[in-house]
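This report concerns only the one structure given below.
Because the structure is a prediction, the values reported are computed rather than measured. Below, chain A is the first sequence line, B the second, and so on; all start at residue 1.
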Amino acid sequence: MYSLDDQEYGMVELMGNWKRTHMCGVLNLAHIGQEVTLMGWVHRRRDLGGLIFIDLRDRSGIVQVVFNKERCGEEVFQKAEAVRSEYVLAVKGAVVKRDPDTVNPKIPTGEIEVVASQLKILSVSNTPPFSLEDDINVSESVRLKYRYLDLRRAEMQRNIILRHRITKWVRDFLDSKGFYEIETPMLTRSTPEGARDYLVPSRLHPGKFYALPQSPQLFKQLLMLSGFDRYFQIARCFRDEDLRADRQPEFTQIDIEMSFVDVDDVIALNEEMLADIFKKALGIELSLPLPRLTYKEAMERYGTDKPDTRFGLELKDVTDLVRDCEFKVFSGAVASGGSVRAINAKGCAVKFSRREIDSLVDFVKNYGAKGLAWIAVEHDGLKSPITKFFTEQQLSSILQRLEAEPGDLLLFVADKDDVVFQALGQLRLELGRRLNLMDKSKYNLVWVTEFPLLEYDEEEKRFVAKHHPFTAPMDEDIQYLDTDPARVRSKAYDIVLNGVEIGGGSIRIHTTEMQEKMLNVLGFSKEKAWQRFGFLLEAFKYGAPPHGGIAYGLDRLVMMLAGRDTIRDVIAFPKMQNASDPLTDAPSEVEPKQLKEVHIRVDA
RNA sequence: GGCCCGGUAGUUCAGCUGGUUAGAACGCUAGCCUGUCACGCUAGAGGUCGAGGGUUCAAGUCCCUUCCGGGUCGCCA
């Protein structure tokens, strides 16, 4: 790599009165004979001596520009010789048909080229640190440091443009259904429960802080109280938690709320919207209504509340068959209130070596399982370290339950339910990956409904909201709120695409009494509840309509539709795993004066 | 915070049980080249091997510490 010098800067010319007439990628046979003025970046230059080809690129695509000494003159040709990658050029020339044997079928403009007559170098460029191709193999930190270059790549431009289209379709669809787009505050109040807040110190109120919103949840509920009836917002949200491939500290929700609806109304509207998006983005006709699973069913069959339904390998419960067996790992787990469940990995007894089976054992240990028992069903009998603990009768009923056939590998986990589900759920995905069962051309959407309202938090020694504290319980379960909170199901629902949760929502509580009760179950005294959520409890006293809604992770939705495996590829300027931005070098230290103004002392 | 993988040229990587002057490809520079499109040919430049310490006659290679990147678990109502 070399750096720009004075001589190169000296080549730069002003655009003057030149006007761009066409984008590069749109030119075709219909433009033959036209004089055009193009402006764009040098994608690649091929210098054949007396003939120079330059692939000129803008967001519409690439077109080949030819510099021929006899056609453009010595002076222009010399400029073309000095051109390098990523220089910004303005070219005047004529569109001509290419000779049949020089047509390039790989690009849309391959049947024509532009014979240059004039050239202005509008900007020079350092050698880029990586090549701006689609199939680059560069570390992500380099890409992020030079994100503006990374974003020049056609692949990234497609992602960002798709994102634009999807938000536009969503706006159009919701507008057509009578929704209003309304903005809510970014500087808001920190609330307990949920993720860690990003805090903003207040200059005017020493010692006090705003929080950036984790979602517009309470504001959209208040908008329902205000009678707007149907609201949506493409809303930026902030959560100060550790990052993942599908999690960024700031992300975007398609936030929707409706009045006078119950679960089925919200689901029906959203299915229509999803069908619209899938049709436009992928040309896929969704068949409606979409399948639904209850939370319980999802957990028992897939070991997760966001099942990838593109393949089988479902979990089977064998607890009742092994309750009294001699294998203490199984019977002990049952005795202490857990379960024993299994996956039949079809055909894997022959496909997997002993070493591969051992690696599965190690795999489940990552998820809290103490081990993974297995039985290989071979043509000449069973091979397994554990069969000796079982009677013939027990073995045959297990084989029958798992529909085992010769060649199958049976994999068992015994533990508390949540460990069993997590270990086998993850094992199922791992098997799906290893056996190549995840068909990339499939888009399996499924609703998961009837989530538990609450779950017990061992650390805090209390119940916490599974969805959020404003979610309504199912009508028929309200009676258990006091007596058996763990049993209460909620009017919450998630929409899952190929094992990725792309959205979720609920019908909300809309009475002061129920909201107080909910907060009470969560451990807030009436006094504390009013202190933290008083504005909401008060608002419910002025005529609150029944209401509910949903929020999509726009980044995840776009990621899935773009076929990417990280949301960083559909966000123009994302952050790295440590939540920093290598481009701007945020976060950064600030001047002592700034700290003083907001009454902050730093002890780090 | 735990675990796993990685850090060697601008980029992506190779570099065995420690042993001469650390290599390759692409990119870059220069020259030649009028139909290329991943142009070609010839020549060349480019490295504190992430950092610090240790073992050794000798460290890219072994040990310790630390920093950085990616994944993952915890976490993410």
Side-chain angles (χ1 to χ4, degrees), chain A residues 1-3 5 43-56 62-71 77 81 84-86 98-107 109-110 113 115 126-146 149 191-197 214-215 217-218 237-249 251 362-363 365-368 422-423 426 430 451-455 457-460 463-471 490 492 501 504 506 518-519 522 551 553 565-566 568 576-578 580 582:
Chain A
M1 195 161 74
Y2 76 112
S3 231
D5 55 30
H43 189 65
R44 191 170 275 122
R45 189 185 68 119
R46 291 176 295 281
D47 184 347
L48 276 62
L51 192 63
I52 297 171
F53 296 99
I54 287 176
D55 293 338
L56 198 65
I62 288 173
V63 70
Q64 174 166 279
V65 180
V66 194
F67 291 85
N68 186 325
K69 204 175 291 189
E70 289 132 34
R71 297 285 299 272
F77 194 81
E81 282 181 317
R84 293 293 181 269
S85 286
E86 298 309 312
R98 294 205 205 177
D99 286 338
D101 53 329
T102 63
V103 163
N104 182 357
K106 290 181 202 162
I107 56 173
T109 60
E113 63 192 1
V115 177
N126 277 341
T127 301
F130 52 89
S131 105
L132 305 184
E133 302 293 315
D134 260 11
D135 51 350
I136 53 163
N137 179 18
V138 189
S139 76
E140 209 174 341
S141 48
V142 175
R143 286 173 55 200
L144 290 180
K145 179 166 180 190
Y146 299 94
L149 298 180
T191 50
E193 304 287 293
R196 193 175 294 114
D197 283 322
Q214 296 181 25
S215 83
Q217 182 60 36
L218 292 172
C237 305
F238 305 85
R239 294 177 190 177
D240 188 3
E241 297 290 348
D242 285 354
L243 285 69
R244 288 287 188 277
D246 61 353
R247 273 168 28 194
Q248 285 272 304
F251 61 100
D362 287 337
F363 179 82
K365 286 180 180 168
N366 292 327
Y367 301 95
Q422 203 195 355
Q426 290 290 342
E430 178 68 10
F451 277 79
L453 183 68
L454 304 153
E455 60 190 348
D457 186 319
E458 293 292 346
E459 244 173 68
E460 302 217 20
F463 281 100
V464 297
K466 176 104 183 161
H467 187 56
H468 58 51
F470 319 107
T471 297
S490 69
E501 180 199 328
S506 63
M518 177 70 180
L519 290 169
L522 295 175
D565 46 25
T566 166
R568 295 189 295 267
M576 297 196 296
Q577 189 168 268
N578 66 1
S580 71

By side chain to side chain contact (heavy atoms under 4.5 Å, CB included) - contacts of [X] (at least two apart):
| X | answer |
| --- | --- |
| A:Asp565 | none |
| A:Leu51 | A:Leu48, A:Phe53, A:Val66, A:Asn68 |
| A:Ala195 | A:Gln214, A:Arg239, A:Glu241 |
| A:Asp240 | A:Arg196, A:Tyr198 |

Distances under 3.5 Å only, N/O to N/O: pair up the protein atoms with those of nucleotides 6-9 of chain B.
none

For this session: With sequence neighbours excluded, tell me which residues meet ring pair (Phe, Tyr, Trp, His ring centres under 6.0 Å) with A:Phe130.
Result: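 For A:Phe130 there are no ring pair (Phe, Tyr, Trp, His ring centres under 6.0 Å) partners, ignoring immediate neighbours.
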
Problem set entry | B:U36 base stacked by A:Phe53 (centroids within less than 5.5 Å, tilt under 30°) |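 A stacking contact exists, since A:Phe53 sits close and nearly parallel to the base ring of B:U36.
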
With sequence neighbours left out, write down each residue that passes salt bridge (charged side-chain N to carboxylate O under 4.0 Å, His left out) with [X], or none if nothing qualifies.
| X | result |
| --- | --- |
| A:Glu193 | A:Arg462 |
| A:Arg71 | none |
| A:Arg244 | none |
| A:Glu140 | A:Arg568 |

For this session: Could you encode protein contacts along nucleotides 65-74 of chain B as a string, one character per nucleotide from 5' to 3', using B for base contact, S for sugar-phosphate-only contact and - for no contact, with a heavy-atom cut-off of under 4.0 Å?
Result: ----SSBBBB

Exercise. Using a cut-off of 4.0 Å on non-hydrogen atoms, how would the nucleic acid contact of A:Asp99 be classed: base, sugar-phosphate, or nothing?
Worked result: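 If one applies the 4.0 Å heavy-atom cut-off, A:Asp99 turns out to touch nothing in the nucleic acid.
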
Exercise. Which part of the nucleic acid does A:Asn137 contact within heavy-atom distance under 4.0 Å: base, sugar-phosphate only, or nothing?
Worked result: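 Result for A:Asn137 = sugar-phosphate.
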
Problem set entry | A:Arg44 side-chain N/O to B:C39 phosphate OP1/OP2 under 4.0 Å |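 For B:C39, OP1/OP2 do have a side-chain N/O of A:Arg44 under 4.0 Å.
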
Exercise. Any side-chain N or O of A:Arg98 under 4.0 Å from OP1/OP2 of B:C37?
Worked result: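 No, no such contact exists.
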
Nucleotides 47-49 of chain B: which of its N/O atoms have a protein N/O under 3.5 Å away?
none

